[in-house]
S.K.: 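Supplied in structure tokens, the structure appears directly below.
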Amino acid sequence: MQGVDPAWLPDVAFRPIGIRRTLIRGSGPLVDTVHGEVAGACERFGGSVSRESGSYDLVLELDGDDGSEGFVYGRGDGCTTVTASGARGLLYGFFHVVRLGETAFLDDARRASYQPESALRMLDHWDNVAVHPVMGQVERGYAGGSLFWEDGRARGDLERVRAYGRLLAACGINAVAVNNVNVHATEARLLTDRIGEVADIAGALRPYGIRTHLSVTFAAPVVLGGLASADPLDESVRAWWAEATARVYTAIPDFGGFVVKADSEGQPGPFAYGRSHADGANMLAAALAPHGGSVHWRAFVYNHHQDWRNRSTDRARAAYDHFVPLDGEFADNAVLQVKHGPMDFQVREPVSPLIGAMPGTRLAVELQATQEYTGQQRHVCWLGPMWSEVLRFGTDGESSVGASARGGLVAVANVGDDPFWTGHPLAQANLYTFGRLAWDPNADPHHVLDEWIRLTFGPGPGPGLAAGLRSILDGSWRTYEKYTAPLGVGFMVQPGHHYGPSVDGYEYSPWGTYHFADRDGVGVDRSVATGTGYAGQYAKPWADVYESPLSCPDELLLFFHHVSYGHMLHSGKTVIQHIYDTHFEGVAEVEAARERWASLVDLVEPARHARVAERFEEQLRSAREWRDQVNSYFFRKSGVADERGRTIY
Ligand code: GCV
């Protein structure tokens with residue numbers, strides 16, 4: 001498409017297929033999509049595609065349609081084959097061949113099956129239809145306007161949405177929620193009289209195997225239906241939802257379901273009627289069940305009217321306290337969607353103790369590709385290693401988060417109408433990595449990064465460019481952590497927009513995100529023995545590990561404990577010296593990354609190079625600001641000088 005970055009699907013990636021003879025077997029809309037892809041590649045590169053038997057280099061075969069998403073890839077007798085028993089499987093098998101490139105046509109006698117670990121791999125867009133006076137078009141969006149909505153309506157030209165669906169399918173994503181979980185008045189109507197606009201978007205995503213979901217307001221029966229109540233046990237309310245949902249399916253027969261943020265940050269919910277969140281979710285699940293849809297009910301429920309002086313209230317505890325007692329009560333098609341950490345997508349959080357604590361409930365784990373707290377796509381921060389740590393975390397020492405996420409993996413999307421999709425061109429790596437990890441949570445994120453580099457900048461980006469990109473992205477999450485909030489304490493951002501440092505930004509606010517720094521120490525005591533008891537929400541061994549500052553991992557120390565500045569970390573440094581050192585190191589690492597990027601100027605197309613170079617200037621400015629604010633704050637509080645005598649402003 002003109003003017004839009006092809007991201008990980010540049011034309012050249014299709015050359016190995018485009019110069020060969022391909023046979024496609026099977027029928028149906030997704031087979032047609034694959035056929036269109038191959039035909040397009042052949043037009044560009046000279047090969048051929050047919051549906052007749054004969055002699056071929058590549059055979060793509062759909063054998064049945066059982067709804068499965070896996071495929072079998074094989075190579076033998078000079079021919080590469082992809083066989084699938086579900087249409088999406090054929091699509092994913094095709095993109096597997098694209099990823100392999102020339103390799104797919106080289107070695108003989110290879111055969112392997114591929115199957116996604118999780119059936120739902122979804123992106124949640126926090127897009128508003130109308131521009132919100134405070135949050136803008138995309139809440140926490142750092143890539144321009146919405147891909148779906150413009151001037152208060154669905155975009156007329158949905159070519160870009162189709163191109164987006166193609167990119168998503170190529171990394172394994174199969175579901176998209178098209179509007180913000182904070183559902184304002186205009187957006188509420190997408191459920192009813194404006195469902196046609198959602199249907200248009202669904203139509204553009206469908207050719208790439210993507211089901212469309214909608215965020216809805218729990219108060220819909222009142223605000224849209226004119227009922228007096230939204231009580232989930234009230235028969236007229238239930239009937240209203242059943243009818244509204246049936247109309248959605250008339251417009252979008254393969255509609256995925258609803259996403260709901262209830263009793264959270266001002267959104268309406270079942271508490272107003274003295275009902276539980278299981279009551280609320282099950283009402284919507286019942287409306288969706290006859291049509292095969294699911295409700296994604298978010299577990300992000302906490303008190304945002306806290307008194308900072310009351311140390312017994314702990315936002316980190318909230319999701320577990322609210323939801324664990326409801327385990328076993330949710331309907332089969334109600335998925336509880338849990339943020340990966342107990343707080344809110346900070347650069348470092350422990351894994352939410354809720355994950356693993358609700359064996360009788362289908363959980364989806366929510367990650368955040370949009371970089372709300374990780375540099376807002378002005379800073380390079382590749383989140384693959386963080387997500388991989390989360391997904392591989394053994395909630396009871398063994399069963400992993402990835403395996404617990406039976407209801408799927410979800411990420412808050414990081415794209416917009418920016419020509420590079422993600423504002424910062426290198427933030428595309430986060431979107432790609434999410435898709436690939438959602439498909440296989442045990443995949444090595446570094447291999448995924450290499451794959452992304454090879455596809456986006458290749459094929460054969462040359463050792464200099466590949467090594468340069470790897471060195472810039474690989475450690476960028478840890479670099480970001482170094483120059484921002486230390487040792488798991490989190491936040492310390494400017495309130496509201498959440499960009500840039502403010503150590504006390506939320507310290508005395510009602511949102512409940514505190515570090516309790518004073519002249520003697522810093523950190524939140526979440527132990528069972530003397531603190532909020534949060535550490536006790538974990539299964540063993542983690543409850544024991546986190547309970548004591550002696551066993552708590554350094555990177556989470558201040559999340560779990562209030563310690564003195566002289567407390568010795570496992571690293572052999574004191575807390576205060578760690579703060580100083582990491583902040584100086586973080587800035588030095590950004591300087592080095594900026595230099596490295598500058599050295600790649602002749603290897604990267606000019607517009608992309610210039611965009612990243614400009615963002616590096618801002619990242620460096622901001623990193624220095626973080627370093628100076630954090631270091632001087634803790635120097636003033638502690639009175640302890642840097643043992644290396646560096647200047648602290
Ligand atoms: C969509 C945080 C963000 C909000 C977001 C909320 C959520 O609080 O700052 O913008 O709201 O998380 O996940 O619902």
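Starting from 1, each residue takes its place in the sequence as its number. Whatever order the structure lists them in is the order used to number ligands and atoms, beginning at 1. Keep in mind the model is a prediction, meaning the values are calculated, not measured.
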S.K.: Just need the protein heavy atom nearest to atom 1 (C) of ligand 1, so name the residue and atom and give the distance.
M.R.: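 Ranking protein heavy atoms by distance from atom 1 (C) of ligand 1, first comes Asn182 ND2, 3.3 Å.
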S.K.: Looking only at protein heavy atoms, identify the closest one to atom 3 (C) of ligand 1 and say how far it is in Å.
M.R.: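 Protein heavy atom with the smallest distance to atom 3 (C) of ligand 1: Glu372 OE2, 3.3 Å.
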S.K.: For atom 6 (C) of ligand 1, find the nearest protein heavy atom and state the residue, atom name and distance (0.1 Å precision).
M.R.: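 Answer for atom 6 (C) of ligand 1: Glu265 OE1, 3.3 Å.
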S.K.: Please round to the nearest 0.5 Å and tell me the distance separating atom CZ of Phe300 and atom CD of Gln267.
M.R.: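 The CZ atom of Phe300 sits 11.0 Å away from the CD atom of Gln267.
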S.K.: Does a donor on one side chain and an acceptor on the other come within less than 3.5 Å for Asn182 and His132?
M.R.: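 Note: Asn182 and His132 side chains miss the donor-acceptor criterion.
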S.K.: Is Arg362 paired with Asp332 through a side-chain N to carboxylate O contact shorter than 4.0 Å?
M.R.: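 No, no charged N to carboxylate O under 4.0 Å.
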S.K.: Over all heavy atoms of both residues, which pair between Trp542 and Gly394 is shortest? Give the atoms and the distance, please.
M.R.: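 Closest approach of Trp542 to Gly394: NE1-O, 2.6 Å.
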S.K.: Under the rule for ring pair (Phe, Tyr, Trp, His ring centres under 6.0 Å), what residues qualify as partners of Trp387, not counting sequence neighbours?
M.R.: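 Partners of Trp387 by the ring pair (Phe, Tyr, Trp, His ring centres under 6.0 Å) criterion come out as none, since no residue qualifies.
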S.K.: Give, for atom CG of Asn430 and atom SG of Cys381, the distance between the pair rounded to the nearest 0.5 Å.
M.R.: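 Rounded to the nearest 0.5 Å, the CG-SG separation comes out at 7.0 Å.
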S.K.: Strictly under 4.0 Å, does any heavy atom of Met135 approach an atom of ligand 1?
M.R.: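 Under 4.0 Å: no for Met135.
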S.K.: For ligand 1, which atoms sit closer than 4.0 Å to a heavy atom of Arg140?
M.R.: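 Going through ligand 1 atom by atom, the ones under 4.0 Å from Arg140 are 3 (C), 4 (C), 9 (O), 10 (O).
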S.K.: Nearest 0.5 Å please: distance from the CG atom of Leu326 over to the CH2 atom of Trp297.
M.R.: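 Answer rounded to 0.5 Å: 11.0 Å.
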S.K.: Using distance alone, determine whether Glu139 and ligand 1 share an N or O pair under 3.5 Å.
M.R.: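 Indeed, backbone or side chain, Glu139 has an N or O that close.
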S.K.: Using heavy atoms and a 4.0 Å limit, tell me yes or no: is Asn180 in contact with ligand 1?
M.R.: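 So Asn180 counts as touching ligand 1.
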S.K.: Is Arg611 salt-bridged to Asp418, going by a charged N under 4.0 Å from an acidic O?
M.R.: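 Answer for the salt bridge query: yes.
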S.K.: Side chain or backbone, does Asp344 bring an N or O within less than 3.5 Å of an N or O on ligand 1?
M.R.: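 Such a contact does occur with ligand 1.
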S.K.: Which part of Phe300 is near ligand 1, with near meaning a heavy atom under 4.0 Å away: side chain, backbone, both or neither?
M.R.: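 The answer is the side chain of Phe300.
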S.K.: Report yes if Lys339 has an N/O atom closer than 3.5 Å to an N/O atom of ligand 1; otherwise report no.
M.R.: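 Indeed, backbone or side chain, Lys339 has an N or O that close.
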S.K.: Hey, does Tyr373 come in under 3.5 Å of ligand 1, counting only N/O atoms on both sides?
M.R.: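 No, since none of the N or O atoms of Tyr373 sits under 3.5 Å from an N or O of ligand 1.
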S.K.: Under 4.0 Å from any heavy atom of Val181, which atoms of ligand 1 are there?
M.R.: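 Per the distance check, 1 (C), 14 (O).
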